[in-house]
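Here, residue 1 is the first one in the sequence, and each next residue gets the next number.
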Amino acid sequence: MSMIQEFKEFAMKGSLIDMAVGIIIGAAVGKMVSTLVENILMPIIGVFMGGVNFSDLSITVGDAAIGYGAFIQSMIDFLIVAFVIFIILRAITSMKKKFEEEKTEEPAVVAEDVKLLEEIRDLLKQGR
């Protein structure tokens, strides 16, 4: 088998394609959340904290400026993304659980001829 053919089989596996789609969607959601935090949430939080702009918060040590405000903003981004992913996974798990419960709750429909055969079997076991 040639290397190109092996690579084609590897690249076209369903799980690999699903993973690629998940990564792309995850990156897009991350960018949306970062924009939400940076442009909407952080200014509101800053107003409640006395007009503080988090992106400008820093400490100067010698010639170096340590921007801890950007770190705080990144932590808020992370927490929101983690919470959104948690909610999505929780919803998916709940849907899977309901689907499996519906699958197991369906009683097996027994045909009339099978019922008759079971009755005959039970009568034969009793010796009649």
For Gly67 and Ser58, the nearest pair of non-hydrogen atoms, with its separation, is CA-CB, 3.8 Å
List the atom of Ile66, the atom of Val61, and the distance in Å for their closest heavy-atom pair. CD1-CG2, 3.8 Å
Side chain to side chain donor-acceptor pair (under 3.5 Å): pairs with one or both residues in residues 112-122, sequence neighbours excluded: none
Is [X] linked to [Y] within one hydrophobic cluster, defined over Ile, Leu, Val, Met, Phe, Trp and Tyr using a side-chain heavy-atom separation of less than 4.5 Å?
X	Y	value
Phe78	Val33	no
Val37	Ile85	yes
Val47	Met42	no
Val84	Leu36	yes
Met32	Ile44	no

Once rounded to the nearest 0.5 Å, what's the spacing between atom [atom1] of [X] and atom [atom2] of [Y]?
X	Y	atom1	atom2	answer
Ile88	Ile25	CD1	CD1	9.5 Å
Ile24	Met19	CD1	CE	10.5 Å
Glu38	Lys31	CD	NZ	10.0 Å
Asp77	Ile72	CG	CD1	12.5 Å
Lys125	Leu123	NZ	CG	11.5 Å
Ile92	Lys97	CD1	NZ	15.5 Å

Below 4.5 Å, heavy atoms only, C-beta onward: do Val81 and Val29 meet side chain to side chain? no
With a 4.5 Å cut-off on side-chain heavy atoms, are Ile40 and Thr35 touching? no
For the backbone of Gly30 and the side chain of Ser34, can you confirm whether one donor and one acceptor N or O come within less than 3.5 Å of each other? yes
Can you list everything that forms a side-chain contact (heavy atoms from CB on, under 4.5 Å) with Leu57? Sequence neighbours excluded, please. Val52, Phe54, Tyr68
Taking atom CD1 of Ile87 as the centre, does the number of heavy atoms from other residues, nucleotides or ligands within less than 6.0 Å exceed 12? yes
